[in-house]
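Numbered from 1 within each chain, the chains take letters A, B, ... in sequence-line order.
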Protein chains: 2
Amino acid sequence: MSFSTKGEYGVRLMVQLGRRYGRGPSSLAEIATDEDLPRPYLEQLVMSLRDAGLVISTRGSHGGYELSRPPDEIPMIAVLRVLEGPIAPMICATDESASAHEPTCDRTARCTVNFLWIRIRDAISTTLEGMTLADLVPERLAPIAGPILVERRPASLPDPALA
Amino acid sequence: MSFSTKGEYGVRLMVQLGRRYGRGPSSLAEIATDEDLPRPYLEQLVMSLRDAGLVISTRGSHGGYELSRPPDEIPMIAVLRVLEGPIAPMICATDESASAHEPTCDRTARCTVNFLWIRIRDAISTTLEGMTLADLVPERLAPIAGPILVERRPASLPDPALA
DNA sequence: AGTAATCCCGACAGATTCGGTCGGAATTCG
DNA sequence: CGAATTCCGACCGAATCTGTCGGGATTACT
């Protein structure tokens, strides 16, 4: 049971964009360097994030990517659904609209087994729904201009002084 | 994010063994037929379950497999750990003793990202720790001999009358 | 003893996904 | 125009998934 590096890299990408939020578009090359990740691979990931409306792209020179809205309005479940597909520990327990997949469940013991996957799915979904990108962005880089953003540490995040 | 069919098939296998608990060893062929799964593939899975001490094998004619202890003493987290490996949504967030893998976490934003995977891992672990195989065995087949086992429906399981 | 049933076990293999790479076209800024 | 950057499709090696195959070892029954 594990997520792929798509999820890992994609989340790290989003965190970087979160730190840069309010500073206009950032180039992929910049982020790839900061996170030490292969830029061509990030391209694939960021394009799906763009298609999902989580980031906005600006083409041409001085272009790049930026969050489509503030980090605290981006639930992590949305990010991971884009990167990893629907939260579905098993086909018969997807969390997206394609619930019409039920005809596959005609096994004898399937109904109760299904119950297990649904429990797991709900546990993950609930956890993810309670987190936003802001929970993962520890230090916001100062914006170029504009009001100073108050560093609001969510109650769900442990005190950084302990780390 | 998904489990493989190893987990699916293995759990179904365990459920079948749960239904047959108290009736001596059951052959894999029998279970493969009941669940309509490829027997040679089940062999692989059941052997790891045996190595983990969850099932006991009896060789020779009239041999087969049976649970090593009652279904309600088999936590589902143990089953899935055997079948799918440690509950680790990401390398840096495993739930097993190999926590010495931390040196890989030296990235800038990694610490906070790690927090996400740990949250997910804990959500899954907690859910799985609260379930035993008995929660997935709806109808216990009557044992050949011995006292009648009371059908104890755990509070966590929804009323079957609703299904 | 012989035979049938069954587990045991290792090797193989096709399909799919993972984790990228490469090259170039399109767009925009200076 | 030229440099920076996104956009996009094609390709690719390696690993994993999902099995299959063949035979050996062990036991029960007759």
Could you tell me the separation between the CG atom of B/L42 and the C1' atom of D/dT20, rounded to a whole number of Å? 13 Å

Using whole Å, what does the distance between atom P of nucleotide C/dG20 and atom CD of A/E35 come to? 14 Å

For B/I56 and C/dC8, give me the distance from atom CD1 to atom P, rounded to whole Å. 12 Å

Ranking D/dA25, D/dC7, C/dG20 by distance to the side chain of A/Y65, first place goes to D/dC7

Atom CZ of A/R39 and atom C1' of D/dT5 are separated, to the nearest Å, by 8 Å

Out of D/dC29, C/dA26, C/dC7, which nucleotide sits closest to the side chain of B/H62? D/dC29

N/O donor-acceptor pair, side chain B/E43 with base D/dT20, under 3.5 angstrom: no

For B/E73 and B/T132, does a side-chain donor sit closer than 3.5 Å to a side-chain acceptor? no

Does B/S61 place a side-chain N or O at less than 4.0 Å from the phosphate oxygens OP1/OP2 of D/dC29? no

B/R20 bridged to B/E30 by N-O distance under 4.0 Å: yes

Between A/L83 and A/F3, is the side-chain contact (heavy atoms from CB on, under 4.5 Å) condition met? List the steps. CA-CA 10 Å; A/L83 295 167; A/F3 288 88; over 6 Å; no

Would you indicate which nucleotide in C/dG30, C/dC7, D/dC7 comes nearest to any side-chain atom of B/L28? C/dC7

Just the rounded figure in Å: distance from P of C/dC8 to CZ of B/R59. 6 Å

Mind checking B/P38 for me? I need base, sugar-phosphate or nothing, with any heavy atom below 4.0 Å counting as a touch. sugar-phosphate

CG-CZ distance between A/L37 and A/R12, expressed to the nearest 0.5 angstrom: 4.5 Å

DNA chain D: B/T5 or A/S27, which has the more 5' nearest nucleotide? A/S27

Taking only the side-chain nitrogens and oxygens of A/R50, find out if one of them lies under 4.0 Å from OP1 or OP2 of D/dC8. yes

Ignoring backbone atoms, establish whether B/Y9 has a side-chain N or O less than 4.0 Å from OP1 or OP2 of D/dT18. no

Give a yes/no answer on whether the side chain of B/Y41 brings an N or O atom under 4.0 Å of OP1 or OP2 in D/dC17. no

Should A/S4 be listed as having a side-chain N or O under 4.0 Å from OP1 or OP2 of C/dT17? no

B/M47 CE to D/dA25 P, straight-line distance once rounded to whole Å: 15 Å

Rounded to the nearest 0.5 Å, the CG atom of B/L80 sits from the CE atom of B/M131 at a distance of 9.5 Å

Distance in angstrom units between A/E30 CD and D/dT6 P, rounded: 10 Å

Under 3.5 Å, is there any donor-acceptor pair linking the side chain of A/Q44 to the base of C/dG19? no

5' priority, DNA chain D, between B/E84 and B/G60 [closest heavy atom]: B/E84

Between P of D/dT6 and CG of A/D51, the distance in whole Å: 15 Å

Quick one: is D/dT18 close enough that its OP1 or OP2 comes under 4.0 Å of any side-chain N or O from B/K6? no

Does C/dC7 have its OP1 or OP2 closer than 4.0 Å to a side-chain nitrogen or oxygen of B/S57? no

Rounded to the nearest 0.5 Å, what separates atom CE in B/M14 from atom CG in B/L49? 5.5 Å

